[in-house]
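Structure record follows, encoded as structure tokens.
Each chain gets a letter, A, B and so on, in the order its sequence line appears, and its residues count up from 1.
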Number of protein chains: 2
Amino acid sequence: MGTMDEPDKPRAQLTIRDLAARLGVSKTTVSNAFSRPDQLSAELRDRVLAAARAAGYAGPDAMARMLRTRRAGAIGVILPESLPFALDDPVAGELFKGIADACEERRLGLLVVPGGTHAADPSTVGQVAVDGFIAYALPRGSRRLEAALARNVPTVVVDEPRLPGVATVAVDNASGARDLARHLVGLGHRRFGIVAMRFQTDGYTGPVTRERVSASIYECAVARFDGYAAALGEAGIDIAAVPLYECAHSDEAHGAQAAGYLLGLEERPTAILAMTDRLAIGVMGAARAARLHVPRDLSVAGFDDIAAAAHARPALTTVRQELRLKGYAAARLLLDAPQGTDPASAPAAADEFSLPIELVVRRSTGPAPRR
Amino acid sequence: MGTMDEPDKPRAQLTIRDLAARLGVSKTTVSNAFSRPDQLSAELRDRVLAAARAAGYAGPDAMARMLRTRRAGAIGVILPESLPFALDDPVAGELFKGIADACEERRLGLLVVPGGTHAADPSTVGQVAVDGFIAYALPRGSRRLEAALARNVPTVVVDEPRLPGVATVAVDNASGARDLARHLVGLGHRRFGIVAMRFQTDGYTGPVTRERVSASIYECAVARFDGYAAALGEAGIDIAAVPLYECAHSDEAHGAQAAGYLLGLEERPTAILAMTDRLAIGVMGAARAARLHVPRDLSVAGFDDIAAAAHARPALTTVRQELRLKGYAAARLLLDAPQGTDPASAPAAADEFSLPIELVVRRSTGPAPRR
DNA sequence: GGTTCTGACTGGACCGGTCAAGAACAAGGC
DNA sequence: GCCTTGTTCTTGACCGGTCCAGTCAGAACC
């Protein structure tokens with residue numbers, strides 16, 4: 001075979017026109033043979049298809065078809081960080097599954113917009129061919145989200161940021177956090193510590209003040225904080241005095257680090273509120289390492305109820321949200337949006353879609369140790 | 001502002017031409033303002049960009065640009081199953097990360113082609129706009145892979161199936177499996193059981209014969225089996241007599257189920273070779289439930305060395321492969337392929353890219369129990 | 001036999017850009 | 001003064017399809 005090279009073989013991609021010429025029919029007919037079988041006789045259609053196969057023509061060019069039909073057959077996902085990070089995060093993973101569920105129902109592709117170190121660069125958002133975007137947990141003022149919105153293509157935001165006129169799927173983080181904190185207050189706890197997810201994009205990890213919370217560009221984190229604060233306030237606890245540790249990334253290592261700080265404080269907390277389950281699991285690991293028994297010596301609670309929460313030892317008290325459903329709902333909201341209509345003409349539909357949450361009490365929280 | 005509604009405002013997507021007309025310049029100039037700044041004076045460029053912003057024009061239409069430039073800015077991934085399944089599988093997850101690493105380096109999107117229950121339907125493969133495909137662990141004769149190949153766009157296969165002229169990134173499964181089985185033989189084991197991943201797409205789970213292996217459309221599974229068989233053969237063990245249990249899906253539950261079968265056999269194996277780590281971990285779970293101590297009563301080995309393998313109790317003996325690197329290599333192979341040249345003209349480059357593997361001996365394998 | 005209808009196929013505008021080639025004009029070199 | 005060079009912008013073809021508005025033949029109807 002090696003010697004049979006035909007250097008002049010015109011492999012230049014065949015077009016529908018070439019095929020039409022070859023068959024002596026019109027372009028339209030060839031197009032119809034592929035895309036609208038009812039528009040020509042079965043006999044001719046077979047002939048066209050056979051000729052196409054023989055010529056090595058694989059069907060209408062995707063890009064040209066998209067341009068004409070204005071449908072890309074894919075939806076875009078914009079993530080706060082790079083995809084590898086998201087793949088390590090069970091919360092994003094579940095969300096992804098939900099989105100994928102909807103995509104596969106509709107036979108749509110799922111296109112992850114590159115983020116990574118270039119997350120600040122919105123240009124790629126404008127370059128991809130999609131029928132809509134799902135923007136997940138982006139900071140307020142995200143350039144990429146702005147770019148997506150500017151494209152005038154249906155866009156659904158998951159979690160944050162909430163923008164007027166932009167469809168959003170979220171949960172009531174504040175009330176979830178409040179319920180959780182109330183649960184701990186009810187168990188007699190008075191000395192709390194809070195392990196927060198990031199409030200800024202600066203990569204800072206360490207103790208922070210409430211000013212940083214107020215200035216945060218991450219609404220979810222703020223809402224959860226506010227929920228805690230509300231419950232503690234009700235109990236007459238001075239929220240300003242509650243130690244607060246921010247973690248740049250939501251993983252066990254950061255949670256352990258935060259616990260290291262909180263458990264080393266003079267007034268050691270008897271209960272730690274972690275804003276995510278992974279942080280909470282990290283806290284429990286550190287507590288164990290410090291010879292503290294959970295929940296006897298220390299109560300720990302998370303948020304999200306990822307699979308690992310139920311498997312943790314002890315099983316983690318947390319706030320359950322239906323992450324997969326959230327992804328599915330977001331995608332459906334996107335896909336069922338009034339197609340082709342002026343996006344500004346249909347703001348009647350509620351642009352806020354709220355999913356239920358539920359306090360899940362497990363073994364990681366218990367009565368406050370006396371004294 | 002609210003009352004200033006202009007109901008006849010032609011929100012119909014602005015084009016480059018509209019903008020050009022509005023500014024009294026040519027289409028090309030507007031296009032250049034966005035895509036080739038060096039082609040016009042900075043002053044005019046600023047004017048164009050400002051006008052665009054004012055008019056709500058977000059930049060050149062992605063589809064039209066793609067059609068003209070013939071670049072989609074994304075690479076397609078074809079998975080053996082649906083994306084949600086892949087997201088649950090750490091092997092696919094790591095691979096994904098590697099692919100994503102390469103995509104983000106190049107600022108490319110990552111488009112997952114819908115699979116799911118429609119995996120047999122190759123049409124979506126032809127509808128998406130991509131610059132190339134990565135096909136992962138597809139069964140021989142996959143219609144979707146055929147469709148990708150027919151599109152005449154660069155395509156790289158990961159693991160399987162190996163096809164002449166198609167670039168492939170894989171590992172030497174047979175020799176990895178052989179080394180692993182030799183390790184167990186060296187520990188004195190003579191009675192083996194094999195837990196296999198699927199050989200067919202029929203969803204069957206249960207004991208199978210070697211005929212089914214020979215007829216398999218999954219080359220990886222066959223290679224691993226052959227590797228085991230080679231090592232056991234060397235040791236004079238009759239491979240035909242070694243019990244073989246096929247699992248439709250590679251997860252702990254199936255592994256446990258397989259173990260249930262194998263451990264219930266009259267001639268109970270002293271060593272179980274599982275074709276994936278998750279299956280192996282499932283086997284260990286079942287062994288524990290059956291009050292068998294690993295590795296004292298039973299040795300268990302896996303394949304792939306996922307993160308969970310090192311964390312398992314006991315830590316799992318397995319064959320390490322660099323999954324993330326595999327994904328990265330596949331993507332680089334795809335992206336660095338001679339662009340635009342006739343795919344048939346450059347078969348000089350090795351179309352087989354083999355990654356190293358390594359036997360990792362941990363605590364789950366030990367000397368065969370005497371008697 | 002004339003009209004209407006139906007089914008099968010065609011012509012050409014259009015989707016919204018990019019790009020090679022060229023025009024217009026100023027500056028520089030000899 | 002003329003030719004070259006360069007910069008800046010324009011013209012018009014092209015990317016590869018889809019789809020609307022026909023044309024044309026034959027069947028059906030009265």
Euclidean distance, atom CZ of residue R71(A) to atom P of dT18(D) [Å, nearest integer]: 13 Å

Selection residues 51-60 of chain B - residue pairs positive for side-chain hydrogen bond (donor to acceptor under 3.5 Å, both in side chains), sequence neighbours left out: none

Side-chain donor-acceptor contacts of residues 37-45 of chain A below 3.5 Å, not counting sequence neighbours, with atom names and distances?
unit_1 : atom_1 : unit_2 : atom_2 : d
S41(A) : OG     : L44(A) : N      : 3.3
R45(A) : NH1    : A33(A) : O      : 2.4

Interatomic distance where CG belongs to N32(A) and C1' belongs to dG7(C) [whole Å]: 13 Å

Rounded distance in Å - CG (D46(B)) to P (dT8(D)): 13 Å

Partner set under salt bridge (Lys or Arg N to Asp or Glu O under 4.0 Å) for K97(A), not counting sequence neighbours: E94(A), D88(B)

L23(B) CG to dC9(D) C1', straight-line distance once rounded to whole Å: 13 Å

Extract from the structure each pairing of a protein N or O with an N or O of nucleotides 12-17 of chain D at less than 3.5 Å, listing the distance.
unit_1  : atom_1 : unit_2 : atom_2 : d
dG12(D) : O6     : T28(B) : OG1    : 3.4
dC14(D) : O2     : R68(B) : NH1    : 2.9
dG17(D) : OP1    : Y57(A) : OH     : 2.9
dG17(D) : OP1    : D61(A) : N      : 3.4
dG17(D) : OP2    : I16(A) : N      : 2.6
dG17(D) : O5'    : Y57(A) : OH     : 3.2
dG17(D) : O5'    : D61(A) : N      : 3.1
dG17(D) : O6     : K27(A) : NZ     : 3.2

For Y328(A), all residues meeting ring pair (Phe, Tyr, Trp, His ring centres under 6.0 Å), sequence neighbours excluded: none

Interatomic distance, F34(A) CZ vs dT18(D) P [rounded to whole Å]: 10 Å

Residue pair D121(B) / R107(A), side-chain heavy-atom distance below 4.5 Å: yes

Candidate nucleotides dC9(C), dC19(C), dC19(D), ranked by approach to the side chain of T29(A) - the nearest: dC9(C)

Partner residues of D61(A) under the salt bridge (Lys or Arg N to Asp or Glu O under 4.0 Å) criterion, sequence neighbours left out: R70(B)

Protein-nucleotide distance (Q39(B), atom CD; dA20(C), atom C1'), rounded to Å: 11 Å

dC9(C) phosphate, OP1 or OP2, under 4.0 Å from S41(A) side-chain N/O: yes

Closest-nucleotide ordering on DNA chain D, the 5'-leading residue of V30(A) and D38(B): D38(B)

